[in-house]
Number of protein chains: 4
Amino acid sequence: MNASKSRLTPRKTPRQERSAATCAAILEAAARILETSGSAGLTTNHVAMLAGVSVGTLYQYFPAKEAILAELVRQMRQDMLADFVGAVREAEGKGLTRAVDAMVSASLRHHLRRPALAQALEHEELELKLDKETVQLKADMRDLIVGVLRDHGVDQPERTAFDLMSLSRGIVDAAVRAGESDFDDLQARLRRAVAGYLGILA
Amino acid sequence: MNASKSRLTPRKTPRQERSAATCAAILEAAARILETSGSAGLTTNHVAMLAGVSVGTLYQYFPAKEAILAELVRQMRQDMLADFVGAVREAEGKGLTRAVDAMVSASLRHHLRRPALAQALEHEELELKLDKETVQLKADMRDLIVGVLRDHGVDQPERTAFDLMSLSRGIVDAAVRAGESDFDDLQARLRRAVAGYLGILA
Amino acid sequence: MNASKSRLTPRKTPRQERSAATCAAILEAAARILETSGSAGLTTNHVAMLAGVSVGTLYQYFPAKEAILAELVRQMRQDMLADFVGAVREAEGKGLTRAVDAMVSASLRHHLRRPALAQALEHEELELKLDKETVQLKADMRDLIVGVLRDHGVDQPERTAFDLMSLSRGIVDAAVRAGESDFDDLQARLRRAVAGYLGILA
Amino acid sequence: MNASKSRLTPRKTPRQERSAATCAAILEAAARILETSGSAGLTTNHVAMLAGVSVGTLYQYFPAKEAILAELVRQMRQDMLADFVGAVREAEGKGLTRAVDAMVSASLRHHLRRPALAQALEHEELELKLDKETVQLKADMRDLIVGVLRDHGVDQPERTAFDLMSLSRGIVDAAVRAGESDFDDLQARLRRAVAGYLGILA
DNA sequence: TATGAATGAGTATTCATTCAT
DNA sequence: AATGAATGAATACTCATTCAT
């Protein structure tokens, strides 16, 4: 249900095992390059080489370089949304503080798994014309947070969600870039920022 | 103490008027391009053309393309620091809340003057190996904020300063990117975030 | 006497029905692509896809892309010769004018059946190193016309045949390219050109 | 008055001598390659190498490969029109036969100067989206011939001009392709074809 | 000092062809 | 016989940088 003529969506949905492996190898190679060299080092030839395939093969799976990035972003958003949904579900009915904690924790877990990659992808996301699916994933995430806030009677839930996402991102970005990796410490600060904005006495 | 053989510092400290004008023209041209086309459109030929000089001349003032960006970043940091110093000075002895307000306001004023440019430069800054002077300017700014916090008895002033800068940037970035330009509204939200983190009842 | 190891002749003379059908499908796919996209769009993958087979299969029937074109040209020449032979036979003993009319008519009928294809093939023919059989077909056609001219006492029949073929092609080419498809009008003009060259008062 | 943003017109009108020479060298290199290898061998790297410049230089003068071809075509059309205008002027007032002779002769002279080049360019012209100037040159040529025919009372001068141009091209093309280079012989045959079509007893 | 012509390594992308399954 | 995944040389084009004038 994925393919189409866009330059952003993968070319062939791999059906054979070999195909799936190749496709995954390409994505992983791209991810690794993003982690180590940033988008500057991300050339199609480099990706193909690191993936152990030829450029031609790369282009059988992705119609353009951008499509590789787009797919990585899509996967990231998908994973992230799943994490958030899980977090929110667990904290259901336990008060805003618990819900916020759960989301902060999910977000951090996500970012600290592959910090450099998450960083790089969030940055690429800004310059990329996203495909519909990714746009939807982002909207779903936003709605999820807005919903939680509204359920707990938070004022102006849309704007608040926007700001909370923004400030969280600011803090995590900077921390990751500074090389921090102490989950608990970061979580405490992030919780403080979020709770502070919400006016919850943490 | 400005010039050197580094690829990041301008080649000649302009003493003559013409030189200064040329140099400024190049920088302004680069700034305008960053605003309109982002770093993707920033080619040396394009900059030179828009500045009304030849590429050769451009390379007489800047040893490499990066040096232009580095200089723009340096100027931005310099301006920003000056704004902050002024803000802090004005709010001296009037309590933390006022000091925070002044800084938030200074930061926002800075970002909203040329939003696209500020955005672009802050982004370039991350990928650039900064020259000593800029590094010092950033350190000064950090120290300034740390000083204010410490003076008002804030706990862990370094870390707090770091987080406040990070979350502010997160919020302003997102707002600018979303096209917001309502200074007052943005200021209110930013103040809320900062005050919240600091535990000040806004 | 058809197959050989040349890159221009089909690889296997299809004996089984399935083979013949596959071979025909490939040729028809190539023809359709030539008609719609010209030789620029004629990629082996595209041909295979449109023919409903895999590239591998395509290469089992044709040793190289050129071979497909060569075969299309061969078939075109074969058909054309057959048409001419028929035309000449019908007009036998009825005078030069009638013979010319018959040939002009046969030629036009041929070109207007699939105008874009005829055009494309005649063009490809020029850049292709033709196989013996096609060369023979062209020679036969030439001889046929030369024979008709000689039989009617035309001077320098070889050269005249050459020129008549050339000028006819020029007119038909241009007309087809201009999108003309009025058979009768075109026939009148073509007859006029041929008769004029021959000095027959039309 | 030449430059614009189109992909078909040259990029910079060379003002310095060196520029003019480089530009000419590129065009001549392209012409030579067309003569020897046809459009298949016409790669930008090949052209640049033969011209003795780098690819980068080539792209400073022409925004795309097509632009080189377009410029060659333009020059050819320009030369040809000039020749025709001269021919028509000379034959003015001397009857249709003389006018036709003059035009036939001009056309042939043109084609036999660099036969392979003329051939190649006329062919490329068909696949190229022509720039306005070239389109105008072709229209002028057409009008010139139409004018001559009309002046001498020829019926349906537009259609006749079209057919005469087409059949001439057919004959000359074929002759050139066959390696003929006997000007007088070719002229006689061409005159015969044209006169024949016009119903003039040659 | 200024110019702008020239450079050439580097980039994304295509496509005829091969070959393991 | 058939498939389609994989190959990689080739192609058009860009852009930071140099250098002769």
Side-chain angles (χ1 to χ4, degrees), chain A residues 7 12 14-23 42-49 51-66 68, chain B residues 7 12 16 18-19 22 40-49 52-68, chain C residues 7 12 16 18-19 22 40-49 52-68, chain D residues 7 12 14-23 42-49 51-66 68:
Chain A
R7 283 185 84 73
K12 57 165 93 163
R15 251 152 252 193
Q16 297 185 7
E17 261 178 66
R18 183 155 59 138
S19 284
T22 302
C23 189
L42 197 80
T43 71
T44 49
N45 281 291
H46 192 178
V47 171
M49 213 180 66
V53 300
S54 66
V55 225
T57 296
L58 184 155
Y59 274 93
Q60 285 207 341
Y61 291 93
F62 300 94
K65 195 177 79 159
E66 284 184 319
I68 303 176
Chain B
R7 285 183 81 77
K12 48 172 99 167
Q16 305 167 11
R18 181 149 67 127
S19 291
T22 304
L42 196 81
T43 73
T44 49
N45 279 289
H46 191 177
V47 171
M49 210 180 67
V53 300
S54 66
V55 225
T57 298
L58 183 154
Y59 272 90
Q60 252 163 17
Y61 288 90
F62 299 92
K65 195 175 82 158
E66 284 184 320
I68 304 176
Chain C
R7 285 184 81 76
K12 47 172 100 166
Q16 304 167 10
R18 180 149 67 129
S19 292
T22 303
L42 196 80
T43 71
T44 48
N45 279 288
H46 192 177
V47 171
M49 210 180 66
V53 300
S54 67
V55 224
T57 299
L58 183 154
Y59 273 90
Q60 248 160 23
Y61 288 90
F62 298 92
K65 195 175 82 156
E66 283 184 319
I68 303 176
Chain D
R7 283 186 82 74
K12 57 165 93 164
R15 252 151 250 196
Q16 298 185 5
E17 262 178 64
R18 184 158 55 138
S19 285
T22 303
C23 190
L42 197 80
T43 72
T44 50
N45 282 292
H46 191 179
V47 171
M49 211 179 66
V53 299
S54 65
V55 224
T57 296
L58 183 154
Y59 275 93
Q60 286 206 342
Y61 292 93
F62 300 95
K65 195 176 79 159
E66 283 183 322
I68 304 177

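Per chain, numbering begins at 1; letters A, B, ... match sequence-line order. Note: hydrogens, waters and symmetry copies are ignored here, and every other heavy atom, side chains too, is used.
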Just so I know, are the side chains of B:Leu42 and B:Ile68 near enough to count as touching, which here means a heavy-atom distance under 4.5 Å?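 Heavy-atom side-chain distance check fails, nothing below 4.5 Å.
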
Would you say [N] has OP1 or OP2 under 4.0 Å from some side-chain N or O of [X]?
X: A:Tyr61; N: F:dA5; value: no
X: D:Thr22; N: E:dA6; value: yes
X: B:Ser54; N: E:dT3; value: yes

Measure the [atom1]-[atom2] distance between [X] and [Y] for me, rounded to the nearest 0.5 Å.
X: C:Thr44; Y: C:Met49; atom1: OG1; atom2: CE; result: 11.5 Å
X: D:Gln60; Y: D:Cys23; atom1: CD; atom2: SG; result: 11.5 Å
X: D:Leu58; Y: D:His46; atom1: CG; atom2: NE2; result: 12.5 Å

What are the atom names and distances for every N/O pair under 3.5 Å that joins the protein to nucleotides 11-15 of chain F?
from   : atom 1 : to      : atom 2 : distance (Å)
F:dA12 : OP1    : D:Lys65 : NZ     : 2.8
F:dA12 : OP2    : D:Thr44 : N      : 3.0
F:dA12 : OP2    : D:Thr44 : OG1    : 3.2
F:dC13 : OP1    : D:Arg7  : NH2    : 2.9
F:dC13 : OP2    : D:Tyr59 : OH     : 2.7
F:dC13 : OP2    : D:Lys65 : N      : 2.9
F:dC13 : O5'    : D:Tyr59 : OH     : 3.3

To check you understand the geometry: which heavy-atom pair defines the closest contact between A:Ser19 and A:Tyr61, and what is its length?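 Nearest pair, atom of A:Ser19 first, then A:Tyr61: OG-OH, 3.0 Å.
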
Heavy-atom closest pair, residues C:Ala64 and C:Tyr59: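 Distance-wise, the nearest heavy atoms are CA-CE2, 4.1 Å.
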
Starting from [atom2] on [N], measure out to [atom1] on [X] and report it in whole angstrom.
X: D:Met49; N: E:dA6; atom1: CE; atom2: P; result: 18 Å
X: A:Phe62; N: F:dA6; atom1: CZ; atom2: P; result: 12 Å
X: A:Ile68; N: E:dT13; atom1: CD1; atom2: C1'; result: 12 Å

Structure string for DNA chain E in dot-bracket form, Watson-Crick and G-U at under 3.5 Å, | interchain: .||||||||||||||||||||

Which residues satisfy the side-chain contact (heavy atoms from CB on, under 4.5 Å) test with B:Val53, sequence neighbours excluded?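 Listed in chain order: B:Thr22, B:Ile26, B:Ala48, B:Ala51, B:Thr57.
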
